[in-house]
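Here the structure is a predicted model, which is why all the values come from computation and not from measurement.
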Amino acid sequence: MDKQQLLDRRYMRMARIWAENSYCKRRQVGALLVKDQMIISDGFNGTPSGFENNCEDEDNVSKPYVLHAEANAITKVARSSNSSQGATLYVTASPCIECAKLIIQAGIKRVVYGENYRIMDGLNLLKRAGIDVVFVEE
């Protein structure tokens, strides 16, 4: 196993641990943005700042305003002095199409993910945009 594969596995383990911060019951997702071997941002799925920490309604359906882990990491880096241009995103579940659009616009060049989301549109869009997409098993 080469150095990049070892780093990918380590950052994915960290993203899985970060997912534990999510209050969502159906699925907890974590994300880390890494550039030059430094974590420049992080995120997990949940409600916007200042909202209640319940992600699902009484029917166990995700509320429409729940933010995905990738969106949280990207918006968090946007509020900092860091740039996501050329960064790698580590995310525990493959991105949906909405997050894929944010990833492309944020200049992220590589996405490493740990499990497939039920809809593959996001991964297909990332590949079409020339973003390096890597699956890392546990």
- [ ] Considering only Ile, Leu, Val, Met, Phe, Trp and Tyr, and joining two whenever side-chain heavy atoms are under 4.5 Å apart, list the other residues clustered with Leu89.
- [x] Val29, Leu33, Ile40, Ile74, Val77, Val91, Ile97, Leu102, Ile103, Ile104, Ile108, Val111, Tyr113, Met120, Leu123, Leu125, Leu126, Ile131, Val133, Phe135
Open item on the list: Quick check: is Val134 connected to Leu7 through a chain of hydrophobic side chains (ILVMFWY, heavy atoms under 4.5 Å apart)?
Closed with: yes
Minimum heavy-atom separation for [X] to [Y], with atom names?
X	Y	value
Glu70	Ala93	OE2-O, 4.1 Å
Tyr11	Ile39	CE2-CG1, 3.9 Å
Ala100	Gly122	CB-O, 3.5 Å
Gly46	Cys55	CA-SG, 3.9 Å

Task: More than 12 heavy atoms from other groups under 6.0 Å of CD on Glu52 - done: yes
TODO: Kindly check if the number of other-residue, nucleotide or ligand heavy atoms within 6.0 Å of CD (Gln105) is above 12?
DONE: no
Open item on the list: Are Thr47 and Asn54 packed together at the side-chain level, in the sense that at least one heavy-atom pair is separated by less than 4.5 angstrom?
Closed with: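 The answer is no, as the side chains (C-beta and beyond) never meet within the 4.5 Å cut-off.
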TODO: State, with a plain yes or no, whether a side-chain heavy atom of Pro48 is found less than 4.5 Å away from one of Leu67.
DONE: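 Pro48 vs Leu67: side chains touch.
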TODO: Start with the C-alpha distance between Glu137 and Met12, add both sets of side-chain angles, then the distance that settles side-chain contact (heavy atoms from CB on, under 4.5 Å), and finish with yes or no.
DONE: CA-CA 9 Å; Glu137 290 186 81; Met12 280 303 298; over 6 Å; no
Task: Inter-residue atom distance Lys101.NZ - Asp121.CG, 0.5 Å rounding - done: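 The CG atom of Asp121 is 10.5 Å from NZ of Lys101, to the nearest 0.5 Å.
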Task: Asn124 CG to Lys127 NZ distance, which is reported to the nearest 0.5 Å - done: 6.0 Å
Task: Check: Gly107 main-chain N/O paired with Ser84 side-chain donor or acceptor under 3.5 Å - done: no
TODO: For the pair Asp59 (side chain) and Val61 (backbone), establish whether a donor and an acceptor sit closer than 3.5 Å, ignoring hydrogens and angles.
DONE: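 No; zero donor-acceptor contacts below 3.5 Å.
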Task: Test log, rule side-chain contact (heavy atoms from CB on, under 4.5 Å), inputs Tyr90 and Arg16 - done: CA-CA 10 Å; Tyr90 292 89; Arg16 286 184 186 100; over 6 Å; no
Open item on the list: Under the criterion side-chain contact (heavy atoms from CB on, under 4.5 Å), I'd like the reasoning laid out for Asn72 against Phe44: C-alpha separation, chi angles, the key distance, then a yes or no.
Closed with: CA-CA 7 Å; Asn72 268 326; Phe44 51 88; 5.5 Å; no
Open item on the list: Go through it in stages, so that I can follow the logic: the residues are Ser83 and Lys35, the test is side-chain contact (heavy atoms from CB on, under 4.5 Å), and I'd like the CA-CA distance, side-chain angles, deciding distance and then a yes or no.
Closed with: CA-CA 9 Å; Ser83 168; Lys35 188 173 179 179; 4.0 Å; yes
Show me, pair by pair, the donor-acceptor contacts under 3.5 angstrom made by side chains of residues 18-27, not counting sequence neighbours?
from: Trp18; atom 1: NE1; to: Asp42; atom 2: OD1; distance (Å): 3.3
from: Asn21; atom 1: ND2; to: Trp18; atom 2: O; distance (Å): 3.3
from: Ser22; atom 1: OG; to: Cys24; atom 2: N; distance (Å): 3.0
from: Ser22; atom 1: OG; to: Asn45; atom 2: O; distance (Å): 2.9
from: Ser22; atom 1: OG; to: Asn45; atom 2: OD1; distance (Å): 3.0
from: Arg26; atom 1: NH1; to: Ser62; atom 2: OG; distance (Å): 3.1
from: Arg27; atom 1: NH1; to: Glu115; atom 2: OE2; distance (Å): 3.2

Task: Cationic N near anionic O, under 4.0 Å, Asp8 to Lys3 - done: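 The answer is no: the pair does not qualify as a salt bridge.
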